[in-house]
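This report refers to the structure that appears directly beneath it.
Convention: sequence-line order gives letters A, B, ...; per-chain numbering from 1.
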Amino acid sequence: MRIATWNVNSLKARQDRVLEWLELRQPDVLLLQETKLADDAAPLMAFGMAGYELVHHGEGRWNGVAIASRVGTADVVANFGDGPVRDSGPGSGLSQTAEGDFDPLDEARMVSAVCGGIRVVSLYAPNGRALDTPFYAGKLAWFGRLSRWLEETRDPEEPLVLGGDLNVAPEDLDVYEPADFVGTTHTSAPERAALDRLLDWGLEDVVRRFHPEAGFYTWWDYRGGNFHKNLGMRIDHLYATAPVAARATGAERDRDARKGTLPSDHAPIWVDLAD
DNA sequence: ATGTCCCAGTCTCTGGGA
């Protein structure tokens with residue numbers, strides 16, 4: 001069984017590339033982030049033609065998470081079970097710029113389902129922008145909500161894979177120039193502690209086990225030719241509970257998916273599991 | 001290197017986010 005994750009930076013703009021990638025790499029489950037679609041715009045038919053069910057949790061212009069699975073989609077949980085995300089259209093009260101209205105717990109950043117006997121969780125962590133902003137505090141609060149959801153509703157003995165764009169580089173070897181990130185988001189001690197809390201609950205960074213090397217990045221800024229200079233960060237992750245981690249036979253990243261015409265700024269990663 | 005790409009709305013350009 002192959003479980004993958006990919007922040008596609010708009011599923012509308014990336015649909016053809018994603019469908020081609022499914023055909024090429026044959027994942028059984030693909031966790032998607034930043035679909036930037038409302039639920040009624042999710043391309044269920046196109047994925048269905050490719051053999052995948054698509055579970056989508058979106059709000060429109062921003063965020064949006066999904067699960068594409070060819071091994072079933074049972075027991076769906078969206079937004080930690082905290083209810084529907086508000087429409088982010090005009091007049092909705094959701095604003096990306098008015099800080100007083102901002103709460104990432106109201107945004108479409110989490111969806112989960114049981115696929116092929118494994119509970120998978122597709123996550124898109126808030127960016128955080130800068131350490132001295134409410135957006136950073138909101139990022140930490142969102143990770144707190146994620147940990148509480150695991151601690152209160154899940155069991156580390158359950159087969160579970162949590163993955164997505166967590167917007168945190170866990171170690172200095174996961175960023176191209178650690179000194180440049182002092183005082184910025186993605187590498188701060190509280191963000192790394194949030195990942196440690198997930199791991200301490202009972203998860204393993206399976207991709208790290210197979211790729212302990214520096215420079216195994218998953219995201220490169222579109223600007224400045226950063227991809228070709230390998231100036232990136234490892235901020236997309238796949239974490240597994242022990243019953244799943246024990247089945248892992250490998251993990252890979254598809255750097256080729258970051259190349260070519262109109263790519264996402266993230267590359268997909270996956271883990272392979274023995275039956 | 002404020003260098004690119006996405007989106008919606010103000011709509012063939014602009015502003016905001018990453």
Side-chain angles (χ1 to χ4, degrees), chain A residues 5-18 21 32-43 56-66 85-110 122-140 142-143 164-169 174-177 179-181 183-188 191 217-237 255-268:
Chain A
T5 185
W6 194 4
N7 178 325
V8 295
N9 187 16
S10 170
L11 185 54
K12 181 178 178 183
R14 219 71 62 206
Q15 181 172 323
D16 289 347
R17 282 193 72 132
V18 172
W21 191 83
L32 295 153
Q33 300 86 36
E34 282 206 86
T35 64
K36 299 186 178 180
L37 294 174
D39 288 335
D40 61 12
H56 187 268
H57 177 52
E59 60 192 81
R61 182 175 183 180
W62 307 107
N63 312 309
V65 283
V85 167
R86 285 175 287 168
D87 181 359
S88 64
S92 68
L94 251 194
S95 168
Q96 291 290 315
T97 54
E99 292 178 351
D101 293 342
F102 169 75
D103 185 347
L105 293 175
D106 288 338
E107 298 176 335
R109 297 181 176 278
M110 180 271 188
S122 181
L123 298 166
Y124 174 48
N127 175 283
R129 300 196 198 183
L131 299 186
D132 59 352
T133 65
F135 302 100
Y136 176 74
K139 180 178 191 174
L140 297 179
W142 182 88
F143 272 107
D165 177 3
L166 299 186
N167 263 319
V168 180
D174 297 316
V175 297
Y176 58 88
E177 183 52 72
D180 289 352
F181 286 86
T184 74
T185 59
H186 293 67
T187 62
S188 72
E191 288 165 279
Y217 305 138
T218 64
W219 171 87
W220 302 259
D221 199 304
Y222 284 122
R223 294 169 285 193
N226 279 13
F227 175 66
H228 299 287
K229 294 184 252 182
N230 200 29
L231 303 180
M233 291 197 281
R234 190 175 80 101
I235 56 175
D236 300 85
H237 303 289
R255 207 171 167 281
D256 289 344
R258 179 63 176 76
K259 301 176 181 174
T261 305
L262 292 176
S264 168
D265 45 356
H266 295 251

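Of the candidates B:dG16, B:dT4, B:dG15, the closest approach to any side-chain atom of A:Arg61 belongs to B:dG15. For A:Arg129, taking side-chain heavy atoms from C-beta onward, the closest of the listed nucleotides B:dG17, B:dC7, B:dT4 is B:dG17. The side chain of A:Leu262 sits closest to B:dC6 out of B:dT4, B:dC6, B:dG17. The listed nucleotides are B:dA18, B:dC7, B:dC5; the one nearest the side chain of A:Tyr124 is B:dA18. Closest contact between the side chain of A:Lys36 and the listed nucleotides B:dA18, B:dT4, B:dC6 involves B:dC6. Between B:dA18, B:dC7, B:dC6, one nucleotide has an atom nearer to the side chain of A:Asn127 than all others, and that is B:dA18. Distance from the side chain of A:Asn9 is smallest to B:dC6 among B:dT4, B:dG16, B:dC6. Minimum atom distance to the side chain of A:Ala13 is reached by B:dC7, of the listed B:dC7, B:dT4, B:dA18.
Side chain of A:Lys12 to backbone of A:Ala41: no donor-acceptor contact under 3.5 angstrom is found. With hydrogens and angles disregarded, no donor-acceptor distance shorter than 3.5 Å links the side chain of A:Glu34 to the backbone of A:Asn7.
A straight line from CG of A:Asn7 to C1' of B:dA18 spans 9 Å, rounded to a whole angstrom. Computed from coordinates, the A:Phe227 CZ to B:dC5 C1' distance equals 15 Å when rounded to whole Å. We find that CZ of A:Arg109 is positioned 7 Å from P of B:dA18, with the value rounded to whole Å. Remark: C1' of B:dG17 and CG of A:Asn63 are 10 Å apart, rounded to the nearest angstrom. The separation between A:His266 atom NE2 and B:dC6 atom P is 13 Å, rounded to whole Å. Atom pair A:Tyr222:OH and B:dC7:P shows a separation of 9 Å (rounding to whole Å applied). B:dC5 atom C1' lies 12 Å from atom CH2 of A:Trp219, rounded to whole Å. One atom, CZ of A:Arg14, and another, C1' of B:dT4, lie 11 Å apart when rounded to the nearest Å.
Straight-line distance between the C1' atoms of B:dC11 and B:dG16: roughly 16 Å, to the nearest whole Å. Taking atom P on both nucleotides, B:dC5 is separated from B:dT10 by 26 Å, rounded to a whole Å. Rounded to whole Å, the separation between the C1' atoms of B:dC7 and B:dT12 comes to 16 Å.
Note that A:Arg255 lies outside the cation-pi zone of A:Tyr217, set by a 6.0 Å cut-off to the ring centre and a 45° limit from the axis.
Note: A:Trp219 and A:His266 have tilted aromatic rings, judged against thresholds of 30 and 60 degrees for the angle between ring planes.
At least one side-chain heavy atom of A:His186 sits less than 4.5 Å from a side-chain heavy atom of A:Ile235.
If you find the closest nucleotide of DNA chain B to A:Gly224 and to A:Asp265, the one lying nearer the 5' end belongs to A:Gly224. Remark on DNA chain B: of its neighbouring residues A:Gly225 and A:Lys12, the 5'-side contact belongs to A:Gly225, judged by nearest-heavy-atom nucleotide.
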Check the pair A:Glu107, A:Trp142 against side-chain contact (heavy atoms from CB on, under 4.5 Å), reporting the backbone distance first and the verdict last.
CA-CA 10 Å; A:Glu107 298 176 335; A:Trp142 182 88; over 6 Å; no

